[in-house]
Amino acid sequence: MAEIPKKYDHLEVEKKWRHRWEEWGIYRWNPSLSRERTFVVDTPPPTVSGSLHVGHVFSYTHQDLIVRYQRMIGKNIAYPMGWDDNGLPTERRVQNYLGIRCNPHLPYDPDWTPSPGGGKRKEIEEVSRQNFIEACGLVTAEDEQVFEHLWRRLGLSLDWTDTYATIDDHCRRISQLSFLDLVERNLVYQVEAPTMWDIDFRTAVAQAEVEDRPQHGLFYDVRFALEGGGRLLIATTRPELLPACIAVVAHPDDERYQPLFGKYAITPLFGARVPIVASEHADPEKGTGILMVCTFGDAMDVDWWQASGLPLKQVLGRDGRVLPVTFGEAPFQSVDPARAQQAYDEIVGLNAKQAKKKTAQLLAQPGSFPGGNEAALVGEPQPVEQIVKFFEKGDRPLEFVPTRQWFIRVLEHKQELLDQGDKIQWHPAHMKTRYQHWVEGLNQDWCISRQRYFGVPFPVWYPVTDAGEPDFASPIYASPGTLPVDPSSDPAPGYEESQRDQTGGFTAEPDVMDTWATSSLSPQIQSHWKLDPDRHARLFPMDLRPQAHDIIRTWAFYTIVKAWMHEGEVPWYHVVLSGFILDPDRKKMSKSKGNVVTPEDIIDDFSADAVRYWAARARLGTDTAYDPGVFKVGKRLVTKVFNASRFVLMQVDRAVGEGELPGPEHIGEKLDLALINRLRTVIEQASSALATFDYAAALQVVEESFWTFCDHYLELVKLRSYSDEDTPARRSAIAALCWALDAYLRLLAPFLPYVTEEVWSWRFAGDGPRRSVHTSPWPFLEEVEAVPKPKVFGSFDAAVEVLTKIRGTKTTAQKSLRWPVERLTIVGPEEHRDALAPVFEDVLRAGNVEVANVSVSDGAAPEGERFSVTVELADEMES
RNA sequence: AGGCGCGUAGCUCAGCUGGUUAGAGCGCAUCCCUCACACGGAUGAGGUCCGCGGUUCGAGUCCGCGCGCGCCUACCA
């Protein structure tokens, strides 16, 4: 029996158990057990280059609560850890930190090493893609340690022997295998088409990464000339796209414009002759009801252009600046090419914002309206609140730029993907609706190519034609056995490296896959899909996907897509969605808000158990206000567990010393039986709540019961268990205390893994699974069956009621709770007196009442109460 | 603009398939150093359950309509 310390030092205790758990390896997956006995978690790999905040602690704790329960009910747990280091955020960080930039055309230099602090150098060093990836690897390894340290402190029961990083060889291999599999199934294609483009990151982005932001814009009223005379007023927010105007459209039912359909308009400044067309796209209510279609102002322009067959006039480049074009040549015909060119030259090279301003100025000048001295711009621009699409990580609006991109065919499989969603259980259930809305609302295929470097390269090359151009129509794919490959340093199959970028040779696909193309494979990455069929069968489909609800449209959706496309399966049976942490003013918590308290600080102050308690109080899917008060409550519970356990085990120690703990067969006193009987309900309720992932409900039941145990049962049983004589009454008390504490520790273990393990080690730890509370069996009902059911119910509550009355009288009289009672009169109906009788002795002891000073009689009790209780206190303390 | 969720004590939240006087913790007030715990304990004061209608013997709980908040999706000339 271990020495019981007087005070609880959470930092020391946490450190001790953290190391011992690692030593014991109790959180490791056993690969030899069958799938049925295993509980598999698709752990979210956090973006390591992001900053850690309390939101992480929140959702990762939720997973761990579920996992710890599953472990205790005997499941073999597969709970690995992954890091999402692949992608833009890391790239940016590495560039700044090391002062390097990727040049994918450079060859790999095996001797190159990054110099820390390189970010301070003046010139930026260019390195090959593989060197760049290695540098990213070094930086992210540091970031990963920060996360790992926090996860360990939090007590997450992760299997640290089984980790992955989304850029490592294994993940690149799985990602490339996935791509090749999709090629084989004709589920992926490449196309040169206008796609949403971020001009700062200079990459394509996917629909899921786009967000709307309200912007203050200006509506410019611009006059177009009608061919053969007349004019037309068009409202636009993007005058800089005027040179890209290909048509003018109005609603077919709009009587104002019906006579114009089929005729032509002449654009101001640039003199382009554009058709006036009827189109459902136009809203008669908006602006002047007639609008210009440009290539490209928005998604509608793209749709319209594709259907129209009109030529493309691209005026914005990949950097968002106005491209040089020649007027008079197709497609930039003009009724006055010289004048058009003159106007255009004023905006060439400007960014969209500058070009907008300049074009507006030009339009305001007299003579900008074709054939006269009038200005095309009418009146002052009107301020307008508009909604503009942005890349979620971007700072400037997205543009539509024609580029060659790879897409996965999701649009034509919406129904199948909805069906997959139905096969998965969503917790809470209403979150499925979000998934459905997203799938139903998809309007583009999944763009997976990014014009970046720190990502998984496409395992693709192209032949270089005799004309020296890549032949994109004839991609050369890597063979699966050679993966992972980097086409920019590995030659295409059947070619020599010397033929790279040579006529008749090959060239690399320069793009990388979006990070979601890899993280959507987290189940397959963990199961070693296509590499280890046996392991795959033991892990896939998984049981649980924990995640936050904001990434249903990305991570959850993409993972469902991949699992369905590759194997026609769901990736997991259950998804649990954590809510967000909100500021006290109910806004989503963010760094910029100044919530600078780090999770490590909070653990230092309140203990890991207390922080877990805070997370565990929040139900799935429910956003929760950040309330440090809850940490305090958690800390109080931890302290209470420590102190109550200390009391119980000291009593046990006094009674049996080093001897064996008395078994449940000694429990005979009615109060003790009543206690155990109450625990039956607690175990039932907590178990069924946890089985449906409702850890918060389980905690509530257990916590409430534990406080009752401390506040009432311990007080009632205290003096009986103090007894120096080894009577059946004392033995019953000791046995009940042991039984109850043993159960409470296991019930609380998923929530408070440290303090429960600490207490467990004092007296309960045994051999085998019972070495740790976390591998001990979850309390099951058979354990309760070993203790007889009380014959009369309500004894516990009756005892509590009378004791509370006695305490109340003393408190009101401002006397100590030890103060003796002169006279106790209890009046109540038979039913309640019968319930009270067997536990009455305990009540009197706890209330410091002499049996001789008590009278109990038949009669009515006040409404809602069992008894009418009258308490007269003694005059003196000593009586 | 549609969808989803939420609106219960000053604050944070429980209240399952409708059932007698609506719960907890924090905070607050008053008191108590009793041999597990003052990082504690006892007791108590706090609520027209967002509003209005309806169903019902009975509604915080079900239905309808509003109002407010959050999120998702759409709106981008």
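Worth knowing before you read on, the calculation uses all heavy atoms, side chains too, and leaves out hydrogens, waters and symmetry mates. Residue numbering restarts at 1 for every chain, and letters A, B, ... go by the order of the sequence lines.
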Discussion item. If I take atom OH in residue A:Tyr713 and atom P in nucleotide B:rC37, what distance separates them, rounded to the nearest angstrom?
Written reply: 19 Å
Discussion item. Distance check, P atoms only: B:rC71 and B:rA29, in whole angstrom units.
Written reply: 36 Å
Worksheet item: How about A:Trp762 and A:Phe642: are their ring centroids closer than 6.0 Å?
Response: yes
Discussion item. Side chain of A:His437 only, heavy atoms from C-beta on: which candidate in B:rC39, B:rU34, B:rG3 is closest?
Written reply: B:rG3
Discussion item. So, under a plain 3.5 Å distance rule, would you say the side chain of A:Glu703 forms a donor-acceptor pair with the base of B:rA14?
Written reply: no
Item to complete: Report the nucleotide, chosen from B:rC71, B:rC35, B:rA14, that has the shortest atom-to-atom distance to any side-chain atom of A:His549.
Response: B:rC71
Discussion item. Regarding A:Cys294, tell me which of base, sugar-phosphate or nothing describes its non-hydrogen contacts under 4.0 Å with the strands shown.
Written reply: nothing
Practice prompt. Grab the CH2-C1' distance between A:Trp426 and B:rC72 for me, whole Å please.
Written response: 13 Å
Discussion item. Rounding to an integer number of Å, can you tell me how far A:His712 NE2 sits from B:rG41 P?
Written reply: 11 Å
Discussion item. Nearest to the side chain of A:Gln700, heavy atoms from C-beta on, is which of B:rG25, B:rA14, B:rU73?
Written reply: B:rA14
Worksheet item: Does a side-chain N or O from A:Arg617 land closer than 4.0 Å to OP1 or OP2 of B:rU12, or not?
Response: no
Discussion item. I need the CE-C1' distance between A:Met431 and B:rG5, as an integer number of Å.
Written reply: 8 Å
Practice prompt. Give one of base, sugar-phosphate or nothing for A:Thr804, where a contact means two heavy atoms less than 4.0 Å apart.
Written response: sugar-phosphate
Practice prompt. Tell me the partner of B:rG51, counting only Watson-Crick (N1-N3 plus N6-O4 or O6-N4) or G-U wobble (N1-O2 and O6-N3) with both under 3.5 Å; none if nothing fits.
Written response: B:rC65
Worksheet entry | Touch class at under 4.0 angstrom, heavy-atom based, for A:Ala644 against every strand present | base
Item to complete: Using both distances under 3.5 Å as the test, list the Watson-Crick or G-U wobble partner of B:rC71, or none.
Response: B:rG3
Discussion item. Side chain of A:Lys286 only, heavy atoms from C-beta on: which candidate in B:rA36, B:rG15, B:rC75 is closest?
Written reply: B:rC75
Worksheet item: Out of B:rG3, B:rG40, B:rA74, which has the shortest distance to the side chain of A:Arg636?
Response: B:rG40
Worksheet item: For B:rC57, which nucleotide in any strand shown is its Watson-Crick or wobble partner with both distances under 3.5 Å?
Response: B:rG19
Worksheet item: With a 4.0 Å cut-off on heavy atoms, is A:Trp707 in touch with a base, just the backbone sugar-phosphate, or nothing at all?
Response: sugar-phosphate
Worksheet entry | Value in whole Å for how far the P atom of B:rG25 lies from CZ of A:Phe706 | 15 Å
Worksheet entry | Whole-Å C1' distance, B:rG18 and B:rU55 | 11 Å
Worksheet item: What does A:Tyr8 touch in the nucleic acid at a heavy-atom separation under 4.0 angstrom: a base, only the sugar-phosphate, or nothing?
Response: nothing
Discussion item. Students often mix this up, so state it plainly: with edges at 30° and 60°, are the rings of A:Trp426 and A:Tyr435 parallel, tilted or perpendicular?
Written reply: tilted
Fill in: 5' priority, RNA chain B, between A:Pro284 and A:Ala208 [closest heavy atom]
A:Ala208
Discussion item. Closest approach to the side chain of A:Gln814, judged atom by atom: which nucleotide of B:rC31, B:rA36, B:rA74 is it?
Written reply: B:rC31
Item to complete: Counting Watson-Crick and G-U wobble pairs only, both distances under 3.5 Å, name the nucleotide matched with B:rU34, or none.
Response: none
Worksheet entry | Atom-to-atom span, OH of A:Tyr435 to C1' of B:rG5 - whole angstrom | 21 Å
Worksheet item: For B:rA24, which nucleotide in any strand shown is its Watson-Crick or wobble partner with both distances under 3.5 Å?
Response: B:rU12
Practice prompt. Between B:rG40, B:rC75, B:rG70, spot the one nearest the side chain of A:Lys640, thanks.
Written response: B:rG40
Worksheet item: Once the angle between the rings of A:Phe631 and A:Trp614 is folded into 0 to 90°, is it parallel (under 30°), tilted (30 to 60°) or perpendicular (over 60°)?
Response: tilted
Practice prompt. Could you tell me whether B:rG46 is syn or anti, where syn means a glycosidic angle within 90 degrees of zero?
Written response: syn
Worksheet item: For the side chain of A:Thr433, counting heavy atoms from C-beta on, which of B:rC32, B:rG3, B:rA36 is nearest?
Response: B:rG3
Practice prompt. Taking the six-membered ring for Trp and the full ring for Phe, Tyr or His, determine whether the centres of A:His549 and A:Phe580 are under 6.0 Å apart.
Written response: yes
Worksheet entry | Base B:rC72 to side chain A:Asp550, donor-acceptor N/O within 3.5 Å cut-off | no
Practice prompt. Scan A:Asp711 against the nucleic acid and name what it touches under 4.0 Å (heavy atoms): base, sugar-phosphate only, or nothing.
Written response: sugar-phosphate
Practice prompt. Look at the side chain of A:Lys632 and decide which nucleotide, out of B:rU73, B:rG27, B:rC75, has an atom nearest to it.
Written response: B:rG27
Discussion item. Quick check on RNA chain B: between A:Gly297 and A:Val633, whose nearest nucleotide comes earlier from the 5' end?
Written reply: A:Val633
Item to complete: Would you check if there is a donor-acceptor pair between the side chains of A:Tyr744 and A:Ser705 at a distance under 3.5 Å?
Response: yes
Worksheet item: Rounded to whole angstroms, how far apart are NZ on A:Lys6 and C1' on B:rG40?
Response: 12 Å
Worksheet, complete the sentence: If pairing means Watson-Crick or G-U wobble with both distances under 3.5 Å, then the partner of B:rC39 is none
Practice prompt. For residues A:Tyr695 and A:His62, establish whether the separation of their ring centroids is below 6.0 Å.
Written response: yes
Worksheet item: With a 4.0 Å cut-off, would you call A:Arg553 and A:Glu209 a salt bridge?
Response: no
Worksheet item: Judged by modelled atom types alone, do A:Glu240 and A:Thr359 share a side-chain donor-acceptor pair under 3.5 Å?
Response: no
Worksheet item: Which is true for A:Trp438 with a 4.0 Å heavy-atom rule: it touches a base, it touches only sugar-phosphate, or it touches nothing?
Response: sugar-phosphate
Worksheet item: Are any of A:Tyr722's side-chain N or O atoms less than 4.0 Å away from OP1 or OP2 of B:rU34?
Response: no
Discussion item. Counting only Watson-Crick pairs (N1-N3 plus N6-O4 or O6-N4) and G-U wobbles (N1-O2, O6-N3), all under 3.5 Å, who is the partner of B:rG46?
Written reply: none
Worksheet entry | Proximity to the side chain of A:Asp212 - top-ranked nucleotide from B:rC35, B:rC26, B:rA74 | B:rA74
Item to complete: Send over the distance from A:Glu715 CD to B:rU43 C1', rounded to a whole Å.
Response: 15 Å
